[in-house]
Amino acid sequence: KAQYKDCILFYRLGDFYEMFFEDAILVSRELEITLTGKSCGLEEKAPMCGVPYHSLDTHLNKLIQKGYKVAICEQVEDPKVAKGIVKREVVRVVTPGTNFNTVDESKNNYLMCIVYVGEQYGISAVDITTGDYYVTEVDSLRTLIDEVNKFVPSEIICNDAFYVSGVDIDNMKYRVGASISALEPWYFDDELCKNALKEHFKLIQLEGLGLADYECGMIAAGSLLQYLFETQKNSLGHLTKLTPYSTGKFMLLDTSTRRNLELVETLREKQKRGSLLWVLDKTKTAMGARTLRTYIEQPLIAKESILNRQDAIYELNQSLITREE
């Protein structure tokens with residue numbers, strides 16, 4: 001618990017995940033489960049509550065949707081051969097932006113990193129369920145907010161400088177529904193970020209990723225990758241490419257325009273039903289639904305890109321046999 005102070009610790013005991021002390025009090029309140037006590041050598045029993053291991057995902061989703069982080073602590077040796085207390089380790093940390101078991105598969109679940117350095121904002125966004133990984137940078141707060149509204153991340157991590165840059169953090173949390181937290185300064189160290197990206201993508205120079213003009217964006221992408229290593233505790237082999245993009249490649253739609261056009265949700269009820277996406281969405285798979293949603297939220301403005309997309313759709317429409325297969 002001392003290593004994961006900002007997380008709720010799910011501690012594996014046999015067929016249950018147990019929580020103790022403050023975590024138990026918090027979880028019993030949020031999940032409406034019974035609070036019990038356990039003798040632990042102190043004068044009073046330790047507050048304790050638990051959930052069966054087979055219903056972990058359901059309980060996790062409820063806590064994650066409320067913006068909490070959860071550290072999953074498993075038994076890492078066989079109880080039959082263990083001497084004394086079975087060895088346990090935190091095997092992953094689940095946060096709103098790193099939750100694999102999202103409720104709605106028809107939309108991406110983005111984790112976003114924003115870094116504010118010398119009047120520039122570096123932005124990187126990743127969806128670890130699909131492997132989409134983007135980076136850009138902007139020079140105004142207004143453009144930054146437009147990017148946040150484009151991705152609608154469920155979690156935003158940032159450096160301290162962004163937190164005190166004059167941005168209305170509470171308003172951003174409310175509008176996007178994201179949890180926002182500032183990470184420790186070491187995450188944003190230039191060399192650490194460069195090395196993390198080079199090692200992950202097996203490169204000698206970062207130019208291979210197309211990051212030559214994205215100094216601030218590189219820090220955002222690198223610190224985001226380090227945060228993923230810390231929480232996922234695996235190699236993240238499915239993140240195979242990082243896509244740098246210029247905000248000028250897509251039509252700039254500010255927040256009120258997005259709302260008033262009812263692109264993906266209605267103005268009043270905030271429901272998909274009645275929106276443009278609802279009218280157009282005849283997709284058959286979650287992947288298709290995510291793609292269509294992205295097309296609507298990020299309209300292309302370069303003529304060549306628009307024609308390429310139209311050609312691809314025309315070709316699919318003409319190839320009846322391939323399409324049926």
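Relative orientation of the Tyr134 and Tyr245 rings is perpendicular, given thresholds of 30° and 60° on the angle between their planes.
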> Passes side-chain contact (heavy atoms from CB on, under 4.5 Å), Leu228 versus Thr98? Steps please.
Replying inline: CA-CA 8 Å; Leu228 287 177; Thr98 60; 3.7 Å; yes
> Could you walk me through whether Thr143 and Ser140 pass the side chain to side chain donor-acceptor pair (under 3.5 Å) check?
Replying inline: CA-CA 5 Å; Thr143 320; Ser140 76; 2.5 Å; yes
> Does the side-chain contact (heavy atoms from CB on, under 4.5 Å) test come out yes or no for Phe162 and Val167, once each step is laid out?
Replying inline: CA-CA 7 Å; Phe162 175 69; Val167 65; 3.6 Å; yes
>> As a quick check of understanding, evaluate salt bridge (Lys or Arg N to Asp or Glu O under 4.0 Å) for Lys66 and Glu30, giving each step before the final call.
In response: CA-CA 9 Å; Lys66 290 172 186 272; Glu30 293 289 10; 3.2 Å; yes
> Please walk me through it: do Gln120 and Glu137 pass side-chain contact (heavy atoms from CB on, under 4.5 Å)?
Replying inline: CA-CA 7 Å; Gln120 285 278 101; Glu137 53 188 50; 3.1 Å; yes
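Within the 4.5 Å cutoff, the side chain of Asp139 has no heavy atoms near those of the Tyr121 side chain. Considering only heavy atoms from C-beta on, Leu300 comes within 4.5 Å of Phe250 through its side chain. Using a 4.5 Å cut-off on side-chain heavy atoms (C-beta onward), Val70 and Val93 make no contact. Counting heavy atoms from C-beta outward, Met19 and Leu9 have side chains that stay 4.5 Å or more apart. Looking at Glu147 and Thr247, their side chains come closer than 4.5 Å, going by heavy atoms from C-beta outward. Side chains of Ile72 and Val90 form no contact here, defined as non-hydrogen atoms less than 4.5 Å apart. With contacts defined as side-chain heavy-atom distances shorter than 4.5 Å, the pair Ile114/Val148 qualifies. Annotation: side chain of Asp6 is in contact with side chain of Lys69 (closest heavy-atom distance under 4.5 Å).
Remark: Arg323 engages Asn317, Leu320 in a side chain to side chain contact (heavy atoms under 4.5 Å, CB included) (not counting sequence neighbours). With sequence neighbours excluded, no residue forms a ring-ring contact (aromatic ring centres under 6.0 Å, His included) with Phe188. Under the salt bridge (Lys or Arg N to Asp or Glu O under 4.0 Å) criterion, Glu199 pairs with no residue at all, not counting sequence neighbours.
Ion pairing between a basic and an acidic side chain is recognised when a charged N comes within 4.0 Å of a carboxylate O; Lys1 and Asp23 show such pairing. Using a 4.0 Å cut-off between a side-chain N of Lys or Arg and a carboxylate O of Asp or Glu, Glu265 and Lys272 do not qualify as a salt bridge. For Glu74 and Arg88, the salt-bridge test fails: no basic side-chain N is under 4.0 Å from an acidic carboxylate O. For the pair Arg293 and Asp281, the salt-bridge criterion is not met [side-chain N within less than 4.0 Å of a carboxylate O].
A donor-acceptor pair under 3.5 Å is absent between the side-chain atoms of Lys62 and the main chain of His59, judged by distance alone. Between the side chain of Tyr133 and the main chain of Ala221, a donor-acceptor pair closer than 3.5 Å is present. A donor-acceptor pair under 3.5 Å is formed between the side chain of Asn159 and the backbone N or O of Tyr116. With hydrogens and angles disregarded, a donor-acceptor distance shorter than 3.5 Å links the side chain of His238 to the backbone of Ile128. In this structure, the side chain of His200 engages the main chain of Leu239 through a donor-acceptor pair within 3.5 Å. Judged by distance alone, with hydrogens and angles left aside, the side-chain atoms of Ser319 form no donor-acceptor pair with the main-chain N or O of Thr322 at under 3.5 Å. With hydrogens and angles disregarded, a donor-acceptor distance shorter than 3.5 Å links the side chain of Ser154 to the backbone of Pro96. Panel note: side chain Asn108, backbone Tyr110; no donor-acceptor pair is recorded below 3.5 Å.
Between Glu155 and Thr95, the side chains place a donor N or O and an acceptor N or O closer than 3.5 Å (distance only, hydrogens not considered). Side chains of Asn109 and Asn99: no donor on one and acceptor on the other come within 3.5 Å. Between Thr291 and Thr294, the side chains place no donor N or O within less than 3.5 Å of an acceptor N or O (distance only, hydrogens not considered).
In this structure, Ile85 places its CD1 atom where only 12 or fewer heavy-atom neighbours from other residues, nucleotides or ligands lie under 6.0 Å away. Taking a 6.0 Å sphere around CD of Glu207, one finds it holds more than 12 heavy atoms contributed by other residues, nucleotides or ligands. Dense packing is recorded around CD of Glu77, with more than 12 heavy atoms of other residues, nucleotides or ligands lying under 6.0 Å away. The environment of Lys173 atom NZ is dense: over 12 non-hydrogen atoms of other residues, nucleotides or ligands sit within 6.0 angstrom. Within 6.0 Å of NZ in Lys233 there are more than 12 heavy atoms belonging to other residues, nucleotides or ligands. Counting heavy-atom neighbours within 6.0 Å of Gln3 CD, excluding the residue itself, gives a total of 12 or less.
Residues Thr240 and Gly237 come closest through the heavy atom pair CG2-O, 3.5 Å. Met218 and Leu206 make their closest contact through CG-CD1, 3.7 Å (heavy atoms, listed as atom of the first residue, atom of the second, distance).
Of the inter-residue distances, the one linking Leu252 atom CG with Asp146 atom CG reads 5.5 Å to the nearest 0.5 angstrom. The CG atom of Leu183 sits 9.5 Å away from atom CD of Glu230, with the distance rounded to the nearest 0.5 Å. One finds the CG atom of Leu197 at 6.5 Å from the CG atom of Leu209 (value rounded to the nearest 0.5 Å). The SG atom of Cys193 lies 5.0 Å from the CD atom of Gln226; values are rounded to the nearest 0.5 Å. For the atom pair CG (Leu276) and OG1 (Thr266), the distance works out to 12.5 Å, reported to the nearest 0.5 Å. Rounded to the nearest 0.5 angstrom, Arg12 CZ and Leu56 CG are separated by 8.5 Å.
With hydrophobic clusters built from ILVMFWY side chains whose heavy atoms lie under 4.5 angstrom apart, Leu192 shares a cluster with Leu225. One hydrophobic cluster holds both Leu261 and Leu292 under the rule that ILVMFWY side chains link at heavy-atom gaps under 4.5 Å. A continuous path of ILVMFWY side-chain contacts below 4.5 Å connects Val115 to Leu211, so both sit in one hydrophobic cluster. No continuous path of ILVMFWY side-chain contacts below 4.5 Å connects Phe21 to Phe16, so the two sit in separate hydrophobic clusters.
The side-chain contact (heavy atoms from CB on, under 4.5 Å) test with Glu297 is passed by exactly one of Leu253, Val152, Leu277: Val152.
Note that Arg309 lies outside the cation-pi zone of Tyr314, set by a 6.0 Å cut-off to the ring centre and a 45° limit from the axis.
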